[in-house]
There are 2 protein chains.
Amino acid sequence: MTPTGDGRTTGDRLTIRDVAHDAQVSVATVSRVLAGSASVSPALVERVRESVRRLGYTPHSVARSLASGRTRLVGALVPNLANHYFYALIKRMLHDAERDGYRLIVADSDENVVAERELGVNLLHQTDGLILCSPRARVGVLRQLLDHGKPVLVLNRLVDSLPVSQVVVESYPAMRQLATYVADLGHRRVAYLHGPARSWHSRERWRAVRLLTRRGVDITEIRVGATMDAGHRAVPQILRSDATAVLAYNDLAAIGVVVGLTERGIRVPQEVSVTGFDDIPHSRFVTPPLTTVRSPQEEVGSVAWKVMSGQLHGDSPGTRTVLAAEPVIRNSTAAPPENSR
Amino acid sequence: MTPTGDGRTTGDRLTIRDVAHDAQVSVATVSRVLAGSASVSPALVERVRESVRRLGYTPHSVARSLASGRTRLVGALVPNLANHYFYALIKRMLHDAERDGYRLIVADSDENVVAERELGVNLLHQTDGLILCSPRARVGVLRQLLDHGKPVLVLNRLVDSLPVSQVVVESYPAMRQLATYVADLGHRRVAYLHGPARSWHSRERWRAVRLLTRRGVDITEIRVGATMDAGHRAVPQILRSDATAVLAYNDLAAIGVVVGLTERGIRVPQEVSVTGFDDIPHSRFVTPPLTTVRSPQEEVGSVAWKVMSGQLHGDSPGTRTVLAAEPVIRNSTAAPPENSR
DNA sequence: GTGAAAGCGCTAACAG
DNA sequence: CTGTTAGCGCTTTCAC
């Protein structure tokens, strides 16, 4: 009944036991060397390293996860990967996580609240933590996610009532500045294009724009969304409103508007001013270049990973990081035409 | 020395044994029910299901992976996530994989060949398969990846010498049609803007454009890349070449060119025609809308997943799917100005 | 500083 | 059809 044991596992995959056998040490020692543990004599460390190299051994990550209880995987859930807004964000987190030995499982809820919940729960089950980008779910759902006891991070949405770490770009002040700028140019009839219904940012931006009424500006609200197509389709309604300036929820919608106006021979900004939000790369490559708000997505990504990483290492949750956005004045805005002042 | 055993594991996580105990069956039966195995009596199936539901049990995916040898994870490696080209692709694969119970680990090599190799190897170690999107690596490296014995799929690059499954959109015929169309409009001096150095598509497209010389068209080659910025920066060189038509490697570069020309007061297409490739959403929202080639990325994504899925279930590798692209004529192309014919 | 051994939670023979 | 049991490959006490 003694083990069969020469230590060499049959089959094709090299295990830690093969290395142990080759280096004439125990598997525990190999494991320690691989983990970079200090309490191994330099001589053994070298011997193990040499065996690992010569044999071409690679640890089996799943076995490692099962034994250690950590997967070194983090979920990243976005409402819509096709939205330019998430590029820089995901990309930056991908690289930072990679650097720290973590990998991201990306999922896309397609703006579907039910899918968001399901995906969130499932992701959390197979990862060490979850990053929710602009989640649309109700607070109750977010709370459930927290109950799993794993680190959860919410990006670009402020949830006051929850002990969850959050990283957000503050829309309100920048949008307020932008709106003020437009009013100062002399515009008195403005159209605001709302973003996705459940978007926190959309509510924040609207909250800022609404203040213009205090200055006697007339605001027409139009439900549009976050795509170029939607912006483009909104043009007739914009024209009907007789607005001389259009404040869009984001750059995408703004681009759709600019193109739609241009197609109809309406000059931007001479006849109608248009502003966006986010400062996506395309906003500089519209004619005319878009007046917008720079939202530091890269920074959100890098802070987000830093916070998540800290939490994975035991930091307590609930930190809140607020980053500022700032208006970028380009050429899609100008004073309204003389006859409409 | 008998097991301590009331079956209830201590600690907070519910295991399959808790369910087995609750339903008064063996763990094997629970496992079978969870796997949807046919050979369990309906009565037990129901009892187990009920216990699972009541207890709120969820299988531990890592343990499952270790025991079964399958992770239900697939790697997806792209050269640059910030390139619009990969949106539809990744997004579609994400959803199709999700539907089949798989999850994607997305990685971005940042157009770095070394990183690509590293990431590829690492991903393959922790997943059941790997999808390489437009890989830039040398054939030798791809072969190494295949040697791991796991399914590997190459997208948007044809590698003749390798027994690896491939899904590609054929650039050559469509680019040839587009080039012919431009020549037929009467253009005799054309500039071609090359894409990323190691891109297979870039070589294919150039191979097609080059044929114009046979028709006596004068071609100026300019190394540009795949971004709007790069296209924009290339404008002075384009003007120096005195070309009346610009064929860009992709839409992004083309957009940069259109904007750059417009800024200098050069009218597109009256004075200079410009074409792109890919038909990204933005190409319809440029002024003027871009003449380009529709590359069916969504279809690539869905076929890609189908092939990967088949391979995961034992299909033999080496299939090759070629999808067609087709020119989309919009308004950025026209006959050259009279005086330059 | 090092090794032996007990699991991590599940699947998959194998026996009945 | 159902149960028993031996691992999957690694980490991590616990002794020495």
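Residue numbers start from 1 in every chain, and the chains themselves are labelled A, B, ... in the order their sequence lines are given, proteins ahead of strands.
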5' priority, DNA chain D, between A:Tyr57 and B:Ala28 [closest heavy atom]: B:Ala28
First of B:Val40 and B:Ala63 reached from the 5' end of DNA chain D, by closest nucleotide: B:Val40
More than 12 heavy atoms of other groups within 6.0 Å of B:Arg136 CZ: yes
Which whole-number value in Å describes the distance from [X] [atom1] to [N] [atom2]?
X	N	atom1	atom2	result
A:Gln126	C:dG9	CD	P	17 Å
B:Arg64	D:dG9	CZ	C1'	19 Å
B:Asp18	C:dC8	CG	P	11 Å
A:Ile16	C:dA6	CD1	C1'	15 Å
A:Leu66	D:dG9	CG	C1'	9 Å
B:Arg17	D:dT5	CZ	P	12 Å
A:Arg70	D:dT11	CZ	P	9 Å
B:Arg72	C:dC10	CZ	P	16 Å

Touch check for [X], heavy atoms < 4.0 angstrom, all strands: base, sugar-phosphate only, or nothing?
X	result
B:Leu34	nothing
B:Ser39	base
A:Val25	sugar-phosphate
B:Ser41	sugar-phosphate

First encountered from the 5' end of DNA chain C, between A:Ala67 and B:Val30: A:Ala67
Check: B:His125 ring centroid to B:His148 ring centroid under 6.0 Å: yes
Is any side-chain nitrogen or oxygen of [X] closer than 4.0 Å to OP1 or OP2 of [N]?
X	N	value
B:Ser68	C:dT11	no
A:Ser26	C:dG3	yes
B:Thr29	D:dT2	no

NZ/NE/NH1/NH2 to OD/OE distance under 4.0 Å, B:Glu50 and B:Arg47: no
Presence of salt bridge, A:Asp96 and A:Lys306, under 4.0 angstrom: no
Where B:Leu73 and B:Gln126 come nearest, the two heavy atoms and their spacing: CD2-O, 3.9 Å
Candidate nucleotides D:dC14, D:dG3, D:dC10, ranked by approach to the side chain of A:Arg32 - the nearest: D:dC14
